[in-house]
*Asks:* 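Quick one: structure below, then a few questions.
All residue numbers in this chain count up from 1 along the given sequence. Counting starts at 1 for both ligands and their atoms, in listed order.
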Amino acid sequence: MSKALEGVRVLDFTHVQSGPTCTQLLAWFGADVIKVERAGEGDATRAQLRDIPGVDSLYFTMLNHNKRSITLDAKHPAGKEVLETLIRDCDVLVENFAPGALDRMGFSWERIQALNPRMIVASVKGFGPGPYEHCKVYENVAQCTGGSASTTGFDDGPPVVTGAQIGDSGSGLHLALGIVTALYQRQATGRGQRVLTAMQDAVLNLCRVKLRDQQRLERNGVMEEYPQYAFGEFGSAVPRAGNASGGGQPGWILKCKGWDSDPNAYIYFIAQAAVWPAICRVIGREEWITHPDFATPRARLPRLMEIFATIEEWTKTLTKFEVMDILNQYDIPCGPILSMKEIAEEPSLRATGTIVEVEHPERGSYLTVGNPIKLSDSPTEVRRSPLLGEHTDEVLAQLGYSAAQIAALREQRAI
Ligand code: COA
């Protein structure tokens, strides 16, 4: 079966997490992704957070599936020539170097366009144009500058970063969409273009409901679905909302049986208005169905914390899975807090290819997250990440280099 992006060739100059997330997706959709790394060291993540000495880390393997790896010194004159050949040959160049690094290598947008006017040049940077455009940025910097940290955590504590890598992987996802869109536009124009995702912008895009709330707060001074309402203080900026839902249906995280010894014995409970009578019956509070203090969503708003505390008295008597089974019988939305251990062992996620077991020649088998975007006509087969420079000879031969030329490049340390 053909793949959606079959025939698209990607010169992958990415490293760490944001860029590799993007190119891994393109590879999963069928693009030929050629990852360019420095000989000897490669992507820094190959050696970071290693669990087996001398073997590519899970950090690297889990972000670089289905790619080919070539080594190339982009600052060596002969290496630059190879890079120019690659630029002429590929459709997309993806990079997430520090600002200006590609220019310093001699590959400005103008130079790339001169080599290949159809080339799409896609970049992740920490910030867009402005006062911080020259800054190097990692995940948590983006979470802090994109509005996530100031709105995450509890009101009486400091800002908190989230475990979801919304700055890195979030930016990579945004960039992949930009690339595919630019490829689509190129069909009509015949021209390449630049695609930029700033990590701050990607995080802010994912936090747009908080900018919504900022404006609601400025207009009304309070936000009734926030836990600060009705007895706490609102300041001038959107406060941290604890575990409030962020949408129109109130929710909170509640303890379940075993919470005192198991850090994940909790469930997210949504007190959706449509199923309020069912909630009251399940927790044994039928009188709340008609009681004027509880009968309507508006009446419940100032009492949400009291309501959730009462529901918790019930959830604490059952395991999170028992609670879920019962609530689902009545269409009451809820979600058990699943640990990574539970997720890794979940058979249904294995069945859909969301969790995949991959065989690697040096580390044996390991688990990874497969393609979360499922295309019915372009199924994803997750193939292991490449060893450093595993495909250098193969790719150069495809570009027309003879074995003697490849040997000469190696002799000069250009590859
Ligand atoms: N051949 C020759 N030189 C190479 C090379 C190659 N194959 N690959 C990389 N380099 C060089 C770069 O040209 C650069 O040289 P320069 O500083 O002389 O211009 C150098 O390696 C280091 O690259 P840099 O991107 O600065 O790496 P870093 O480790 O110092 O910084 C980041 C890492 C992530 C902070 C930085 O790349 C960055 O801010 N990227 C954009 C935002 C981003 O994606 N952040 C999230 C990462 S998950």
*Asks:* Decide, yes or no, whether a salt bridge links D51 with R363 under the criterion of side-chain N to carboxylate O below 4.0 Å.
*Replies:*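 Counted as a salt bridge, because a side-chain N and a carboxylate O are separated by less than 4.0 Å.
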*Asks:* Would H76 count as a contact of ligand 1 if the rule is a heavy atom under 4.0 Å away?
*Replies:*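 No, H76 has no heavy atom closer than 4.0 Å to ligand 1.
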*Asks:* Can you tell me if R413 has over 12 outside heavy atoms packed within less than 6.0 Å of its CZ?
*Replies:*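 Incorrect, the count does not exceed 12.
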*Asks:* Please identify which atoms of ligand 1 are closer than 4.0 Å to at least one heavy atom of L72.
*Replies:*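 That gives atoms 1 (N), 6 (C), 7 (N) of ligand 1.
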*Asks:* Can you find a non-hydrogen atom of E139 under 4.0 Å from ligand 1?
*Replies:*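 No; E139 lies far enough from ligand 1 that no heavy-atom distance drops under 4.0 Å.
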*Asks:* Is D168 close to ligand 1, meaning an N/O of one under 3.5 Å from an N/O of the other?
*Replies:*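 Such a contact does not occur with ligand 1.
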*Asks:* Identify the closest protein heavy atom to atom 9 (C) of ligand 1: which residue and atom is it, and at what distance?
*Replies:*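 The closest one turns out to be F97 CE2, 3.3 Å.
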*Asks:* Which ligand 1 atoms are under 4.0 Å away from a heavy-atom of D73?
*Replies:*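 Answer for ligand 1: 1 (N), 2 (C).
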*Asks:* Considering only protein heavy atoms, which is closest to atom 34 (C) of ligand 1, and at what distance to one decimal place?
*Replies:*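 That would be Y138 CE2, 3.8 Å.
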*Asks:* Quick test: of every protein heavy atom, which one is nearest to atom 40 (N) of ligand 1, and how far off is it to 0.1 Å?
*Replies:*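 Atom 40 (N) of ligand 1 sits closest to the protein heavy atom N96 O, 2.9 Å.
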*Asks:* Would you say V137 and ligand 1 have an N/O pair spaced under 3.5 Å apart?
*Replies:*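 N/O-N/O distance below 3.5 Å exists for this pair.
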*Asks:* Run the numbers for me: atoms of ligand 1, each under 4.0 Å from some heavy atom of A101, listed by number.
*Replies:*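 Every atom of ligand 1 under 4.0 Å from some heavy atom of A101: 19 (O).
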*Asks:* To check your reading of the model: name the closest protein heavy atom to atom 1 (N) of ligand 1, its residue, and the distance in Å.
*Replies:*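 Checking every protein heavy atom, the shortest distance to atom 1 (N) of ligand 1 gives A74 N, 2.9 Å.
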*Asks:* Only one of V395, D393, T85, I415 passes side-chain contact (heavy atoms from CB on, under 4.5 Å) with Y401; say which it is.
*Replies:*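 The residue from V395, D393, T85, I415 that satisfies side-chain contact (heavy atoms from CB on, under 4.5 Å) with Y401 turns out to be T85.
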*Asks:* Compare K125, E37, K75, R38 and give the one whose heavy atom is closest to atom 5 (C) of ligand 1.
*Replies:*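 It is R38 whose heavy atom sits nearest to atom 5 (C) of ligand 1.
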*Asks:* For F13, is at least one N or O under 3.5 Å away from an N or O on ligand 1?
*Replies:*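 So ligand 1 has no N or O lying under 3.5 Å from an N or O of F13.
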*Asks:* Decide if atom CG of D377 counts as having more than 12 heavy atoms of other residues, nucleotides or ligands within a radius under 6.0 Å.
*Replies:*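 Not more than 12 within 6.0 Å, no.
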*Asks:* Note the single closest protein heavy atom to atom 28 (P) of ligand 1, along with its residue, its atom name and the distance in Å.
*Replies:*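 Nearest protein contact, heavy atoms only, for atom 28 (P) of ligand 1 is K136 NZ, 3.6 Å.
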*Asks:* Where is the nearest protein heavy atom to atom 19 (O) of ligand 1: which residue, which atom, and how far?
*Replies:*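 Closest protein heavy atom to atom 19 (O) of ligand 1: R104 NE, 2.8 Å.
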*Asks:* Closer than 4.0 Å to some heavy atom of V124 - which atoms of ligand 1 meet that?
*Replies:*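 Selected atoms, number and element: 41 (C), 44 (O).
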*Asks:* So, taking the atom named CG in D201 and the one named CG in L196, what distance separates them when rounded to the nearest 0.5 Å?
*Replies:*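 So the CG of D201 and the CG of L196 are separated by 7.5 Å.
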*Asks:* Any donor-acceptor pair under 3.5 Å linking the side-chain atoms of K35 with those of N64?
*Replies:*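 Judged by distance alone, the side chains do pair up.
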*Asks:* So for G19, does at least one of its heavy atoms come nearer than 4.0 angstrom to any atom of ligand 1?
*Replies:*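 No, G19 has no heavy atoms under 4.0 Å from ligand 1.
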*Asks:* As an exercise, identify every atom of ligand 1 less than 4.0 angstrom from a heavy atom of V16.
*Replies:*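 It comes down to these atoms of ligand 1: 47 (C), 48 (S).
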*Asks:* Can a cation-pi geometry be assigned to R383 and W28, taking NZ or CZ under 6.0 Å from the six-membered ring centre and within 45° of the ring axis?
*Replies:*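 No, R383 does not lie over the aromatic ring of W28.
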*Asks:* If you have a sec, work out which protein heavy atom is nearest atom 36 (C) of ligand 1 and how many Å separate them, to one decimal?
*Replies:*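 Result for atom 36 (C) of ligand 1: A98 N, 3.6 Å.
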*Asks:* Within a 6.0 Å radius of atom CD on Q329, are there more than 12 heavy atoms belonging to other residues, nucleotides or ligands?
*Replies:*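 Check passes, neighbour count above 12.
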*Asks:* Mark yes when over 12 heavy atoms from residues, nucleotides or ligands other than R212 sit less than 6.0 Å from its CZ; otherwise mark no.
*Replies:*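 Enclosed.
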*Asks:* For the CZ atom on F97, are there more than 12 heavy atoms of other groups (residues, nucleotides or ligands in this structure) within a distance under 6.0 Å?
*Replies:*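 Yes - once you tally the heavy atoms of other residues, nucleotides and ligands closer than 6.0 Å, there are more than 12.
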*Asks:* Is the H134-F127 ring centre distance short of 6.0 angstrom?
*Replies:*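 No, they do not, as the ring centres are separated by 6.0 Å or more.
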*Asks:* So, is the end of the R46 side chain (NZ or CZ) under 6.0 Å from the ring centre of F60 and within 45° of the ring's axis?
*Replies:*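 Yes - R46 lies over the ring of F60, closer than 6.0 Å to its centre and within 45° of its axis.
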*Asks:* Does F321 have more than 12 heavy atoms from other residues, nucleotides or ligands lying within 6.0 Å of its CZ?
*Replies:*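 More than 12 heavy atoms, drawn from other residues, nucleotides or ligands, come within 6.0 Å of this atom.
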*Asks:* Give the residue and atom name of whichever protein heavy atom lies nearest to atom 13 (O) of ligand 1, and the separation in Å to one decimal.
*Replies:*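 Checking every protein heavy atom, the shortest distance to atom 13 (O) of ligand 1 gives M105 CE, 3.2 Å.
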*Asks:* Going by distance only, is there an N or O of H15 that falls short of 3.5 Å from an N or O of ligand 1?
*Replies:*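 It does: an N or O of H15 is found under 3.5 Å from an N or O of ligand 1.
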